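The first residue of the sequence shown is numbered 1, and numbering continues consecutively from there. Since this is a predicted model, take the numbers as computed values, not measurements.
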Amino acid sequence: GSTVLLGFDASSQVSDGIRFLVIGVVAIMVVVSAISLFVTQSVIPEQMEKLAMLVEQENPERYAEIQSKLAEGEKVTDRADLMAELAEAGVNLMMDENEEELQRLLLKIKEKKEKGEDLEILRDPLEAAFGTTIEEFVEKVDNNSSSQYLTDSGKELADILRVEFAKEA
């Protein structure tokens, strides 16, 4: 009889462990669902609205094209395909702005280099513009050389900086 009681106690402990595990998994799923709901209903629409304003301001033709695909009463955030189009248009605008900035930096660096000026005086402004050190910028370019987001100006700038700011061993 005692063997049956021991077996019953062990299965009760296993059942309690499984019950605890299931409750834990369900609780985690509820939290993840709540966060997901918050992100999809609050954060994404807010970010898409900002992106829409950027695209509307900088590329009104593209914005009108995206808007023309909406049905009556429909919003861009109601359609994943249009959110993707809007995001692509926004990324392209940001890439164009980034390319223009890189070209300006490249021109300034080339001018100073042609005049024989010490480029070290540009270290602080360049690092402020990059938001990182020159060495880290060059390393990021090297590590992402096949990225579709890396432009010819970015590669050329990294090449010049690699030579001009090479650490002396």
message: Applying side-chain hydrogen bond (donor to acceptor under 3.5 Å, both in side chains), can you list everything that pairs with N92, at least two apart in sequence or on another chain?
response: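 Residues passing side-chain hydrogen bond (donor to acceptor under 3.5 Å, both in side chains) with N92: none at all.
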message: Holding to side-chain hydrogen bond (donor to acceptor under 3.5 Å, both in side chains), I want the full list of residues that pass it with Q103, two or more places apart in sequence or in another chain.
response: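 Listed in chain order: E99.
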Rounded to the nearest 0.5 Å, how far does [atom2] of [Y] lie from [atom1] of [X]?
{"X": "L122", "Y": "L161", "atom1": "CG", "atom2": "CG", "answer": "9.0 Å"}
{"X": "E101", "Y": "L105", "atom1": "CD", "atom2": "CG", "answer": "5.0 Å"}
{"X": "K108", "Y": "L119", "atom1": "NZ", "atom2": "CG", "answer": "13.5 Å"}

So which heavy atom on [X] is nearest to which on [Y], and how close?
{"X": "A87", "Y": "L51", "value": "CA-CD2, 3.4 Å"}
{"X": "S153", "Y": "L102", "value": "CB-CB, 4.0 Å"}
{"X": "A158", "Y": "V141", "value": "CB-CG1, 3.6 Å"}

Set of residues satisfying side-chain contact (heavy atoms from CB on, under 4.5 Å) with respect to [X], sequence neighbours excluded:
{"X": "R123", "value": "E120, E127, I134, E135, F165"}
{"X": "K110", "value": "L106, E156, I160"}
{"X": "D78", "value": "E74, K75"}
{"X": "E139", "value": "N143"}

query: Side-chain contact, heavy-atom cut-off 4.5 Å: L126 with I109?
result: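 A side-chain contact under 4.5 Å exists here.
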For [X], what residues pass the salt bridge (charged side-chain N to carboxylate O under 4.0 Å, His left out) criterion, not counting sequence neighbours?
{"X": "D142", "result": "R162"}
{"X": "K112", "result": "E117"}
{"X": "E58", "result": "none"}
{"X": "E88", "result": "none"}

I'd like a table of donor-acceptor pairs (distance under 3.5 Å, sequence neighbours excluded) in which one partner is a side-chain atom from residues 66-73, with atom names and distances.
residue, atom, partner, partner atom, Å
Q67, NE2, Y63, OH, 3.3
S68, OG, E65, O, 2.6
K69, NZ, E85, OE1, 2.9
K69, NZ, E85, OE2, 3.0

message: Tell me whether D152 at atom CG has more than 12 heavy atoms from other residues, nucleotides or ligands lying less than 6.0 Å away.
response: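 Open.
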- request: Evaluate side-chain contact (heavy atoms from CB on, under 4.5 Å) for K155 paired with T151, printing each intermediate quantity in order.
  value: CA-CA 6 Å; K155 291 176 186 176; T151 63; over 6 Å; no
field: Where at least one partner belongs to residues 104-137, residue pairs that pass ring-ring contact (aromatic ring centres under 6.0 Å, His included), sequence neighbours excluded
entry: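 Counting only pairs at least two positions apart or across chains, the ring-ring contact (aromatic ring centres under 6.0 Å, His included) contacts touching residues 104-137 are F130-F137.
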